Amino acid sequence: MRRCDGLGCISEEKGRLTRTFASPAMREANALVRSWMCEAGLSVREDAAFNLIGRRVSKRRGAKTVMLGSHLDTVRNAGKYDGPLGVLLGVAVAARLRDVALPFHLEVVGFSDEEGVRYQTTYLGSRAMLGLLTKKDLQTIEEKGIEKARRPHRDLLAYLEAHIEQGPVLEAKNQPLAVVTAIAGQTRISAEFAGRAGHAGTTPMKLRRDALCGAAELILVAEKIGVIATVGQCEVTPGASNVIPGLVSLTLDVRDADDARRRAACAKLKHTALRIAKRRGLRLHDWQIVQETPSIRMDPAMTQTLRRAAGRGAPALPSGAGHDAAVMAHACPAAMLFIRCKGGVSHHPGESVAVDDVRAAIDALTRAVLSLAKQHE
Ligand code: GLV
Ligand code: MN
Ligand code: MN
């Protein structure tokens, strides 16, 4: 917890926590976490995609690797626990098991980009590690050579991620921990409404082509589209109180556990945006699907192992939030542990977790690793 407080002070913005991919703040955070990984007996390296990887090697010949991880980047004005808590829990487990011989190598990973704040494309770190970056990613990203982070992953035996729940269910159920059944698919879209800027005092209402009014209509349709949908960014140009908005760029984040329902909602939103633009004399520019991730089921056997480790009462919950486990599941059996957070608050500086719940999570994760060790003796 104290370590989360320490990391929570490393930010690229004054007065609030924001740590985006490859920023100087991320470099500083990686240096601090590196020191804790070393203390836990891990050998540490940073790969070409700024993922921080602590590893201890098993003496077993032909040993595979069990990976514990989460992310060290944050959203803007973030809380202290979304991501870093999972990384530091991994470090705590490694420290606890320091003197226990394991039949697999143990890695703790701090991924560099789960939130996708800097480039709007999520999971840059874990996708780079698995060689899943697209050409478009590589064109967009200023940092060159991140594809060199690709590592062979046939040796991966399991990926386990602990994360705050980011929702209110555990609190309502009075339970500290849950296991995750599946991670919802998500689509991120960017679009622009172009209208005509003009004088806010002299242009009659009927003669306006106000781009923001068009965007506002779309936002209200998205609110009722029937899946989880959010317009989180909206930039108004020229952006003056006495000028009619001539251009609005916005982002849409659309999610659902059912991929077909999510895609249908996205198609309907695009159709609606075109209709709104036509009716209002606007142009819809640049409707772009920036990223699309399908819904991913967690591995049933690994989840069962985690559930036994978390205790009988631990419920199984779906995740509406994205996690690096959604990517790592392409390479090996992946499972996730959720930790109760106060009021379900997340992506907000008010994120809070209880010390006892964190202790329970370390115990559960340690038991899960030991149970895997037993299974692979
Ligand atoms: C990550 O936190 C996301 O789900 O957007
Ligand atoms: Mn997040
Ligand atoms: Mn997260």
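All ligand and atom numbering here is 1-based and tracks the order in the structure. Side-chain atoms are counted along with the backbone in the values below, which use heavy atoms only and exclude waters and symmetry mates. Every value quoted in this text rests on a predicted model; they were computed, and no experiment measured them.
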4.0 Å heavy-atom contact, R188 with ligand 1: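 For ligand 1, residue contact (heavy atoms, under 4.0 Å) with R188 is present.
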
Identity and separation of the nearest protein heavy atom to atom 1 (C) of ligand 1: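 Among all protein heavy atoms, the one nearest atom 1 (C) of ligand 1 is E115 OE1, 3.1 Å.
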
salt_bridge(R2, D5) N-O dist < 4.0 Å: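 No.
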
Angle subtended at the Mn ion (ligand 2) by H347 NE2 and D82 OD2, rounded to 10 degrees: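 Result: 90°, to 10°.
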
Proximal ligand 1 atoms for A321, defined as those under 4.0 Å from one of its heavy atoms: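 Numbered from 1, ligand 1 contributes 4 (O).
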
Name of whichever N/O/S atom of E115 is nearest to the Mn ion (ligand 2):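 It is OE2, the N, O or S atom of E115 closest to the Mn ion (ligand 2).
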
Y119 side chain to E143 side chain, donor-acceptor N/O pair below 3.5 angstrom: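 Yes, E143 and Y119 have a side-chain donor paired with an acceptor closer than 3.5 Å.
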
Side-chain H-bond candidate by donor/acceptor type, D137 with T134, under 3.5 Å: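 Yes, T134 and D137 have a side-chain donor paired with an acceptor closer than 3.5 Å.
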
Atom pair OG1 (T203) and CE (M205), whose distance is rounded to the nearest 0.5 Å: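 One finds 9.5 Å between OG1 of T203 and CE of M205.
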
Gap between atom CZ of R340 and atom CD of E171 - 0.5 Å precision: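 These two atoms lie 7.0 Å from each other.
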
Close side-chain approach of L365 to L306, heavy-atom, < 4.5 Å: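 The answer is yes, as the side chains (C-beta and beyond) meet within the 4.5 Å cut-off.
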
With the Mn ion (ligand 3) as the apex, the NE2/NE2 angle for H163 and H71 - to 10°: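 That angle works out to 110° after rounding to 10°.
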
Option set E114, R255, H347, Q186, criterion heavy-atom distance to atom 4 (O) of ligand 1, minimum: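 Shortest heavy-atom distance from atom 4 (O) of ligand 1: R255.
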
